[in-house]
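Below is one structure, written out as structure tokens; the observations come after it.
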Amino acid sequence: MKFVSTRGQTEPHSFTEAVKVGLAPDGGLFVPESLPDLSEELPSWKGKSYPELCHAFLRHFATDIDRDELKALIDDAYSHFDHKDHAPLVKLDEKISVLELFHGPTLAFKDFALQLLGKLYERQVAATGESINVLGATSGDTGAAAISGLLGKEGVDIFILYPDGRVSPLQERQMTCTEDPHVYPLSVTGSFDDAQAALKEVFGDKQFSGEVNLSAVNSINLARILAQCVYYLYAWLQLPDDAREKTTFVVPTGNFGNILSGWMASRMGMKVAGFRVATNRNDILDRFFSSGNYSVGDVAASLAPSMDIQVASNFERFLYYTFGQNSEKTRSVMAQLKDQNAFQADDRSVIRSMSSSRMDDAEIRETIKSVYQKYNYIVDPHTACGFKDLDALEHCLILSTAHPAKFPDVIEETLGLESTHPTLETLKTRAIVKHPLSPDVDSIKEFIASKQSSDQQ
Ligand SMILES: *Cc1c(COP(=O)(O)O)cnc(C)c1O
């Protein structure tokens, strides 16, 4: 299997190469050359453990990694989860189930992809003998999950940009209290979108990124999207046969990486009723899926900070597929977006390919309360966004993207309960180490470069 760019101006890459570079050299995102049709094979995967299922699925893509080696990588990557099912499905009532994706080391769904990515990077450093510098931007959880996945991996330095003051205190501690000299949390002024834009520019400087062997951990990385397909399949396989096609996956969404994975799985044969994009007050995607209008507004801070995003980078992959894998059209729409910060889709079938909802902070608080009262179940502020407008859905599976203990203040204020988790408690005893920076290309490049020379001394 080879991987091509959404913008069509990059040579096909192997899995390992595409994972290594992250962003395609033409500025696009890597996608599989063609999506396999798994509809025949899928039912036979029922009953597999999470790592087994992951192996069965990834074998279709990571064709340049030896089968047994891939198995070992996956087993290792998923050995640090605190639930035997990895992604347990909790039934709240006949209509609503929750897929808990917060049993990894940093208590958010991003662990599923980043624990694996860490293993892939480690393999690469061992194979080439070249160290790599990983650069990412985070609205909170990616940074923590990336750091956890890459921590202590020989030959890997980690640089994570995050908007100063806009991630939760615990998220910040997860990034800054590692006590690891190869981890550089960079707190930047501005919003996540500013950080992400600067990051894209750093990657765009091919000379620089080549010189320092730069790699991306953001959800632009192909390995993350593919790794995330697995928990959709895992949940889907657990549903009774007759419930599968009636089920809508409801996904709290920011950068559009999580839901895109599910949607891609459906294009490979996982038949479902549909997908629901659940946004917070940063509702660009809700506006798109209700009117076709994609126009970038200002980012507003909300109770669900990991979704405080306006420019959803994975949207490009979605456009590419809905345009019938037309890279020329993708390129022109992306250019228009860059110029005008907006575009209008005219094709109703594109606009209707997912449903959407939006929740403001007051509704998030009310929802945390009502879900607790009704089901005696605590949801975090991101997951809460999934509980909006469920009337129209026959059966739904809400993805729970974070453990409530990551947002103890909101839980305490709304429910009067203390929400804690042992892994978070240990962090509170450690010192915070971070590097303030302005989110411009030059400062970031300078910072990364300065760490290279000191490494070599
Ligand atoms: C990252 C994150 C999201 C948003 O996921 P995307 O893939 O960016 O859409 C939602 N909830 C939590 C808790 C997250 O960490």
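In listed order, ligands and their atoms are each counted from 1.
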Item to complete: Verify the ring-centre separation between Phe81 and Tyr78: is it less than 6.0 angstrom?
Response: yes
Worksheet item: Are the aromatic ring centres of Tyr231 and Tyr234 under 6.0 angstrom apart?
Response: no
Practice prompt. Using ring-ring contact (aromatic ring centres under 6.0 Å, His included) as the criterion, list what pairs up with Tyr320, not counting sequence neighbours.
Written response: none
For a distance cut-off of 3.5 Å, show me each N or O of ligand 1 paired with any protein N or O, plus the separation.
{"residue": "ligand 1", "atom": "7 (O)", "partner": "Gly257", "partner atom": "N", "Å": "3.2"}
{"residue": "ligand 1", "atom": "7 (O)", "partner": "Asn258", "partner atom": "N", "Å": "2.9"}
{"residue": "ligand 1", "atom": "8 (O)", "partner": "Asn255", "partner atom": "N", "Å": "2.7"}
{"residue": "ligand 1", "atom": "9 (O)", "partner": "Gly254", "partner atom": "N", "Å": "2.8"}
{"residue": "ligand 1", "atom": "9 (O)", "partner": "Asn255", "partner atom": "N", "Å": "3.2"}
{"residue": "ligand 1", "atom": "9 (O)", "partner": "Phe256", "partner atom": "N", "Å": "2.9"}
{"residue": "ligand 1", "atom": "11 (N)", "partner": "Thr401", "partner atom": "OG1", "Å": "2.8"}
{"residue": "ligand 1", "atom": "15 (O)", "partner": "Lys110", "partner atom": "NZ", "Å": "2.5"}
{"residue": "ligand 1", "atom": "15 (O)", "partner": "Asp141", "partner atom": "OD2", "Å": "2.5"}

Discussion item. Whether the side chain of Ser215 engages the backbone of Lys20 through a donor-acceptor N/O pair (distance < 3.5 Å, no angle test) should be reported.
Written reply: yes
Response to the item:
For residues 362-401, the ring-ring contact (aromatic ring centres under 6.0 Å, His included) pairs (sequence neighbours left out) are His382-Phe407
Discussion item. Taking salt bridge (Lys or Arg N to Asp or Glu O under 4.0 Å) as the cut-off, I'd like each qualifying pair that reaches into residues 74-85, sequence neighbours left out, listed once.
Written reply: Lys71-Asp75, Asp76-Lys119
